[in-house]
Amino acid sequence: MPELPEVEVLVRHLRPLVIERRICGVEVRRAKSVRPDTAAAFRARLIGGRIRALERRAKFLVFTLESRPLRAAFPLVGHLGMTGRMFLQPRRTALPKHAAVVLDLGGECLVFEDPRYFGRLSLDAAPLEQLGPEPLADGFAPADLRAVLGCSRQPIKVRLLDQQALAGVGNIYASEALFVAGIPPTLPCVRLGPKRVARLWRALRTVLQEAIDFGSTVPLNWSGQNGSDGLFYYGRDPAAPDYYEERLRVYGRQGKPCRVCGTAIRRRVLAARSTFSCPRCQPR
DNA sequence: CACCATGTTCCTTG
DNA sequence: CCAAGGAACATGGT
(Lines give C-alpha, C1' and ligand atoms only; values in the text may rest on other atoms or scores of the structure.)
Protein backbone atom coordinates (compact mmCIF):
# COMPACT_ATOMS: atom_id res chain seq x y z
CA MET A 1 0.00 0.00 0.00
CA PRO A 2 2.55 2.66 0.80
CA GLU A 3 5.52 4.17 -0.85
CA LEU A 4 7.59 7.03 0.48
CA PRO A 5 4.99 9.78 -0.06
CA GLU A 6 2.14 7.85 1.53
CA VAL A 7 4.19 6.98 4.59
CA GLU A 8 5.36 10.58 4.86
CA VAL A 9 1.79 11.86 4.71
CA LEU A 10 0.70 9.29 7.28
CA VAL A 11 3.54 10.17 9.65
CA ARG A 12 2.75 13.88 9.44
CA HIS A 13 -0.88 13.13 10.17
CA LEU A 14 -0.20 10.74 13.04
CA ARG A 15 2.66 12.56 14.76
CA PRO A 16 0.67 15.23 16.60
CA LEU A 17 -1.96 12.66 17.55
CA VAL A 18 0.36 10.14 19.19
CA ILE A 19 3.30 12.14 20.44
CA GLU A 20 3.78 12.17 24.22
CA ARG A 21 1.05 9.61 24.70
CA ARG A 22 1.50 6.54 26.84
CA ILE A 23 0.81 3.01 25.68
CA CYS A 24 -1.42 1.56 28.36
CA GLY A 25 -2.49 -1.53 26.49
CA VAL A 26 -1.33 -3.72 23.64
CA GLU A 27 -3.51 -6.21 21.82
CA VAL A 28 -1.72 -8.47 19.38
CA ARG A 29 -4.37 -10.10 17.24
CA ARG A 30 -1.94 -11.57 14.72
CA ALA A 31 1.31 -12.79 16.16
CA LYS A 32 2.88 -12.85 12.70
CA SER A 33 2.41 -9.11 12.35
CA VAL A 34 4.74 -8.46 15.25
CA ARG A 35 8.40 -8.93 16.07
CA PRO A 36 9.39 -10.59 18.31
CA ASP A 37 6.49 -12.72 17.18
CA THR A 38 5.41 -13.84 20.57
CA ALA A 39 2.64 -11.55 21.67
CA ALA A 40 3.77 -11.65 25.29
CA ALA A 41 7.33 -10.49 24.57
CA PHE A 42 6.11 -7.73 22.30
CA ARG A 43 3.55 -6.52 24.81
CA ALA A 44 5.90 -6.58 27.73
CA ARG A 45 8.29 -4.24 25.97
CA LEU A 46 5.66 -1.72 24.91
CA ILE A 47 3.33 -1.51 27.87
CA GLY A 48 3.80 1.64 29.87
CA GLY A 49 6.06 3.22 27.28
CA ARG A 50 5.62 6.77 26.04
CA ILE A 51 5.82 7.81 22.40
CA ARG A 52 8.48 10.50 22.19
CA ALA A 53 8.92 10.79 18.45
CA LEU A 54 7.58 9.54 15.14
CA GLU A 55 9.54 9.76 11.94
CA ARG A 56 9.68 8.24 8.50
CA ARG A 57 12.69 6.41 7.05
CA ALA A 58 12.19 5.00 3.56
CA LYS A 59 8.80 3.25 3.81
CA PHE A 60 9.16 2.64 7.54
CA LEU A 61 7.45 4.46 10.37
CA VAL A 62 9.88 4.82 13.26
CA PHE A 63 8.36 5.41 16.69
CA THR A 64 10.75 6.35 19.46
CA LEU A 65 9.45 4.93 22.70
CA GLU A 66 10.59 5.69 26.21
CA SER A 67 10.24 2.94 28.74
CA ARG A 68 8.66 3.62 32.11
CA PRO A 69 11.13 3.59 34.95
CA LEU A 70 14.50 4.01 33.29
CA ARG A 71 13.54 6.43 30.55
CA ALA A 72 15.49 4.35 28.11
CA ALA A 73 14.60 5.14 24.51
CA PHE A 74 14.14 2.42 21.92
CA PRO A 75 12.64 2.24 18.44
CA LEU A 76 9.43 0.59 17.30
CA VAL A 77 9.55 0.16 13.55
CA GLY A 78 6.43 -0.15 11.44
CA HIS A 79 6.15 -1.28 7.85
CA LEU A 80 2.79 -1.29 6.08
CA GLY A 81 3.59 -3.93 3.49
CA MET A 82 1.11 -3.77 0.62
CA THR A 83 -2.15 -3.12 2.42
CA GLY A 84 -1.31 -1.86 5.89
CA ARG A 85 -2.96 1.15 7.48
CA MET A 86 -2.60 2.95 10.76
CA PHE A 87 -5.21 5.18 12.28
CA LEU A 88 -6.67 6.29 15.58
CA GLN A 89 -10.15 5.41 16.64
CA PRO A 90 -12.18 5.78 19.82
CA ARG A 91 -11.51 2.98 22.26
CA ARG A 92 -14.78 1.07 22.05
CA THR A 93 -15.37 1.42 18.36
CA ALA A 94 -15.55 -1.95 16.63
CA LEU A 95 -12.23 -3.02 15.14
CA PRO A 96 -11.89 -3.75 11.44
CA LYS A 97 -11.77 -7.39 10.37
CA HIS A 98 -8.04 -7.42 9.77
CA ALA A 99 -6.85 -5.36 12.74
CA ALA A 100 -3.46 -6.93 13.43
CA VAL A 101 -2.27 -4.89 16.41
CA VAL A 102 -4.03 -2.36 18.62
CA LEU A 103 -2.19 0.04 20.92
CA ASP A 104 -4.33 1.56 23.62
CA LEU A 105 -3.23 5.16 24.09
CA GLY A 106 -5.76 6.06 26.73
CA GLY A 107 -8.72 7.73 25.18
CA GLU A 108 -8.08 6.24 21.79
CA CYS A 109 -6.52 3.26 20.12
CA LEU A 110 -3.88 3.25 17.44
CA VAL A 111 -4.97 0.51 15.06
CA PHE A 112 -2.60 -1.29 12.71
CA GLU A 113 -4.86 -2.89 10.14
CA ASP A 114 -3.47 -5.07 7.38
CA PRO A 115 -5.71 -7.36 5.26
CA ARG A 116 -2.83 -9.15 3.59
CA TYR A 117 -0.64 -9.29 6.68
CA PHE A 118 2.54 -8.44 4.81
CA GLY A 119 3.27 -5.53 7.16
CA ARG A 120 5.07 -5.63 10.52
CA LEU A 121 5.43 -3.82 13.81
CA SER A 122 8.91 -4.64 14.96
CA LEU A 123 11.28 -3.98 17.82
CA ASP A 124 14.20 -4.84 15.58
CA ALA A 125 15.57 -1.70 13.95
CA ALA A 126 18.40 -3.45 12.14
CA PRO A 127 16.70 -3.27 8.71
CA LEU A 128 17.03 0.52 8.83
CA GLU A 129 20.81 0.22 8.68
CA GLN A 130 20.72 -1.38 5.26
CA LEU A 131 18.78 1.37 3.54
CA GLY A 132 20.12 3.62 0.81
CA PRO A 133 19.87 7.42 0.89
CA GLU A 134 16.61 9.37 1.05
CA PRO A 135 15.88 10.87 -2.37
CA LEU A 136 14.25 13.93 -0.84
CA ALA A 137 17.04 14.71 1.63
CA ASP A 138 18.58 18.16 1.26
CA GLY A 139 22.00 16.69 0.73
CA PHE A 140 20.92 14.23 -1.95
CA ALA A 141 22.61 15.49 -5.12
CA PRO A 142 22.70 14.16 -8.69
CA ALA A 143 26.17 12.80 -7.93
CA ASP A 144 24.65 10.71 -5.14
CA LEU A 145 22.09 9.31 -7.53
CA ARG A 146 24.86 8.45 -9.97
CA ALA A 147 26.73 6.62 -7.19
CA VAL A 148 23.57 4.72 -6.24
CA LEU A 149 23.00 3.49 -9.79
CA GLY A 150 26.39 1.90 -10.15
CA CYS A 151 27.75 0.49 -13.36
CA SER A 152 25.76 -2.70 -13.76
CA ARG A 153 23.59 -3.60 -16.72
CA GLN A 154 20.61 -3.96 -14.42
CA PRO A 155 17.53 -2.15 -15.77
CA ILE A 156 17.14 1.26 -14.17
CA LYS A 157 13.58 0.49 -13.07
CA VAL A 158 14.73 -2.53 -11.11
CA ARG A 159 17.48 -0.57 -9.41
CA LEU A 160 15.09 2.17 -8.35
CA LEU A 161 13.11 -0.41 -6.39
CA ASP A 162 16.19 -1.64 -4.54
CA GLN A 163 15.81 -0.19 -1.05
CA GLN A 164 19.49 -0.71 -0.30
CA ALA A 165 20.36 1.49 -3.25
CA LEU A 166 17.72 4.20 -2.83
CA ALA A 167 15.20 4.33 -0.01
CA GLY A 168 11.47 4.70 -0.39
CA VAL A 169 10.75 4.44 -4.10
CA GLY A 170 8.18 1.78 -4.95
CA ASN A 171 6.51 0.38 -8.02
CA ILE A 172 4.22 3.30 -8.77
CA TYR A 173 6.68 6.14 -8.40
CA ALA A 174 9.48 4.29 -10.19
CA SER A 175 7.39 4.18 -13.38
CA GLU A 176 6.20 7.74 -12.84
CA ALA A 177 9.68 9.17 -12.33
CA LEU A 178 11.13 7.41 -15.36
CA PHE A 179 8.33 8.77 -17.50
CA VAL A 180 8.93 12.32 -16.29
CA ALA A 181 12.66 11.88 -16.92
CA GLY A 182 12.05 10.46 -20.40
CA ILE A 183 14.09 7.35 -19.65
CA PRO A 184 12.99 3.86 -20.71
CA PRO A 185 12.61 1.47 -17.73
CA THR A 186 14.87 -1.16 -19.24
CA LEU A 187 17.84 1.12 -19.78
CA PRO A 188 20.89 -0.43 -18.09
CA CYS A 189 22.24 1.60 -15.18
CA VAL A 190 25.65 1.92 -16.85
CA ARG A 191 24.10 3.82 -19.68
CA LEU A 192 22.79 6.70 -17.63
CA GLY A 193 25.18 9.53 -18.30
CA PRO A 194 25.23 12.88 -16.49
CA LYS A 195 22.37 14.30 -18.50
CA ARG A 196 19.98 11.42 -17.85
CA VAL A 197 21.06 11.20 -14.22
CA ALA A 198 20.26 14.89 -13.76
CA ARG A 199 16.86 14.44 -15.37
CA LEU A 200 16.07 11.40 -13.25
CA TRP A 201 17.23 13.14 -10.09
CA ARG A 202 14.89 16.02 -10.76
CA ALA A 203 12.04 13.73 -11.80
CA LEU A 204 12.28 11.62 -8.64
CA ARG A 205 12.17 14.65 -6.40
CA THR A 206 9.35 16.25 -8.36
CA VAL A 207 7.17 13.17 -8.43
CA LEU A 208 7.68 12.25 -4.76
CA GLN A 209 7.24 15.82 -3.49
CA GLU A 210 4.18 16.31 -5.65
CA ALA A 211 2.56 13.24 -4.13
CA ILE A 212 3.36 14.39 -0.59
CA ASP A 213 1.92 17.82 -1.31
CA PHE A 214 -1.17 16.21 -2.78
CA GLY A 215 -1.69 13.86 0.15
CA SER A 216 -1.20 16.72 2.58
CA THR A 217 -3.88 18.90 1.04
CA VAL A 218 -6.60 16.42 0.13
CA PRO A 219 -8.88 14.94 2.78
CA LEU A 220 -7.97 11.29 3.22
CA ASN A 221 -9.99 8.54 4.76
CA TRP A 222 -7.42 7.00 7.07
CA SER A 223 -9.36 3.96 8.14
CA GLY A 224 -10.25 3.14 4.55
CA GLN A 225 -13.90 2.87 5.52
CA ASN A 226 -16.55 3.79 2.98
CA GLY A 227 -14.01 4.20 0.29
CA SER A 228 -12.57 1.95 -2.27
CA ASP A 229 -8.97 1.51 -1.32
CA GLY A 230 -7.73 2.87 -4.56
CA LEU A 231 -4.39 4.12 -5.66
CA PHE A 232 -4.22 6.59 -2.90
CA TYR A 233 -3.93 4.51 0.07
CA TYR A 234 -6.37 5.44 2.71
CA GLY A 235 -9.56 5.24 0.80
CA ARG A 236 -11.53 8.19 -0.38
CA ASP A 237 -14.80 9.77 0.29
CA PRO A 238 -16.98 8.17 -2.38
CA ALA A 239 -18.54 11.56 -2.98
CA ALA A 240 -15.19 13.19 -3.68
CA PRO A 241 -13.87 13.34 -7.21
CA ASP A 242 -11.14 10.89 -7.97
CA TYR A 243 -8.25 13.32 -8.14
CA TYR A 244 -5.49 10.93 -7.47
CA GLU A 245 -6.02 8.51 -10.27
CA GLU A 246 -6.08 11.44 -12.65
CA ARG A 247 -2.71 12.51 -11.36
CA LEU A 248 -0.83 9.37 -12.32
CA ARG A 249 0.96 9.79 -15.60
CA VAL A 250 1.59 6.20 -16.69
CA TYR A 251 1.03 3.79 -13.80
CA GLY A 252 -1.94 1.54 -14.43
CA ARG A 253 -2.66 3.21 -17.77
CA GLN A 254 -1.79 0.34 -20.10
CA GLY A 255 -3.28 0.93 -23.54
CA LYS A 256 -4.49 4.43 -22.69
CA PRO A 257 -3.10 7.42 -24.54
CA CYS A 258 0.01 9.09 -23.16
CA ARG A 259 -0.96 12.41 -21.61
CA VAL A 260 1.88 14.11 -23.49
CA CYS A 261 1.93 12.56 -26.96
CA GLY A 262 -1.10 10.29 -27.21
CA THR A 263 0.86 7.10 -27.87
CA ALA A 264 -0.55 4.00 -26.15
CA ILE A 265 1.05 3.37 -22.75
CA ARG A 266 2.87 0.06 -22.62
CA ARG A 267 2.91 -2.42 -19.78
CA ARG A 268 5.61 -5.00 -19.30
CA VAL A 269 6.93 -7.04 -16.44
CA LEU A 270 10.37 -6.36 -14.97
CA ALA A 271 11.56 -8.20 -11.90
CA ALA A 272 8.05 -9.60 -11.55
CA ARG A 273 6.51 -6.13 -11.26
CA SER A 274 4.25 -4.32 -13.71
CA THR A 275 6.08 -1.47 -15.38
CA PHE A 276 4.44 1.27 -17.40
CA SER A 277 6.01 3.56 -19.95
CA CYS A 278 5.41 5.60 -23.07
CA PRO A 279 7.41 4.20 -26.00
CA ARG A 280 7.63 7.61 -27.61
CA CYS A 281 8.37 9.84 -24.59
CA GLN A 282 10.90 7.35 -23.21
CA PRO A 283 13.03 6.40 -26.21
CA ARG A 284 16.31 4.51 -26.02
C1' DC B 1 -13.25 -18.58 -12.72
C1' DA B 2 -8.99 -15.72 -14.02
C1' DC B 3 -6.06 -12.21 -13.15
C1' DC B 4 -4.35 -8.33 -10.83
C1' DA B 5 -2.44 -5.74 -6.66
C1' DT B 6 1.39 0.01 -3.50
C1' DG B 7 6.28 -4.98 -0.67
C1' DT B 8 9.87 -8.01 0.82
C1' DT B 9 12.37 -12.32 1.31
C1' DC B 10 13.99 -16.60 0.01
C1' DC B 11 15.26 -20.02 -3.24
C1' DT B 12 16.71 -21.69 -7.70
C1' DT B 13 18.77 -21.22 -12.09
C1' DG B 14 21.95 -19.37 -15.36
C1' DC C 1 29.93 -13.46 -7.05
C1' DC C 2 26.02 -11.43 -9.74
C1' DA C 3 21.52 -11.19 -12.10
C1' DA C 4 17.09 -12.82 -13.11
C1' DG C 5 13.01 -15.32 -12.34
C1' DG C 6 9.66 -17.50 -9.55
C1' DA C 7 7.28 -18.58 -5.41
C1' DA C 8 5.72 -17.47 -1.08
C1' DC C 9 3.32 -14.67 2.28
C1' DA C 10 -2.82 -13.77 2.50
C1' DT C 11 -6.66 -11.30 1.05
C1' DG C 12 -9.57 -8.59 -1.80
C1' DG C 13 -11.08 -6.17 -6.07
C1' DT C 14 -12.54 -6.31 -10.83
When rounded to the nearest Å, what value does the distance between P atoms of dA10(C) and dC3(B) take?
-> 22 Å
Quick one: is H79(A) getting a side-chain N or O under 4.0 Å of the dG7(B) phosphate, OP1 or OP2?
-> no
Sugar-phosphate, base or nothing in reach of Y117(A), heavy atoms under 4.0 Å | sugar-phosphate
Side-chain N or O of R267(A) closer than 4.0 Å to phosphate OP1/OP2 of dA5(B) | yes
Out of dT11(C), dG7(B), dA4(C), which nucleotide sits closest to the side chain of P155(A)?
-> dA4(C)
State, yes or no, whether a side-chain contact exists between D144(A) and V148(A) at a heavy-atom distance under 4.5 Å.
-> no
Which part of the nucleic acid, if any, lies within reach of R30(A) when heavy atoms closer than 4.0 Å are counted: base, sugar-phosphate only, or nothing?
-> sugar-phosphate
Quote, to the nearest angstrom, the C1' distance that separates dA8(C) from dC1(B).
-> 22 Å
Does one side chain, of Y173(A) or E210(A), offer a donor that lies under 3.5 Å from an acceptor on the other?
-> no
Under 4.0 angstrom between R116(A) side-chain N/O and dA5(B) OP1 or OP2 | no
Measure from the side-chain heavy atoms of K59(A) and tell me the nearest of dA5(B), dA3(C), dT8(B).
-> dT8(B)
Using only heavy-atom distances, decide whether a donor-acceptor pair under 3.5 angstrom links the side-chain of R153(A) to the base of dA3(C).
-> no
Ring centroids of F118(A) and dA10(C) base under 5.5 Å with planes under 30° = no
To the nearest 0.5 Å, atom CD of Q164(A) lies from atom CG of L131(A) at 8.0 Å
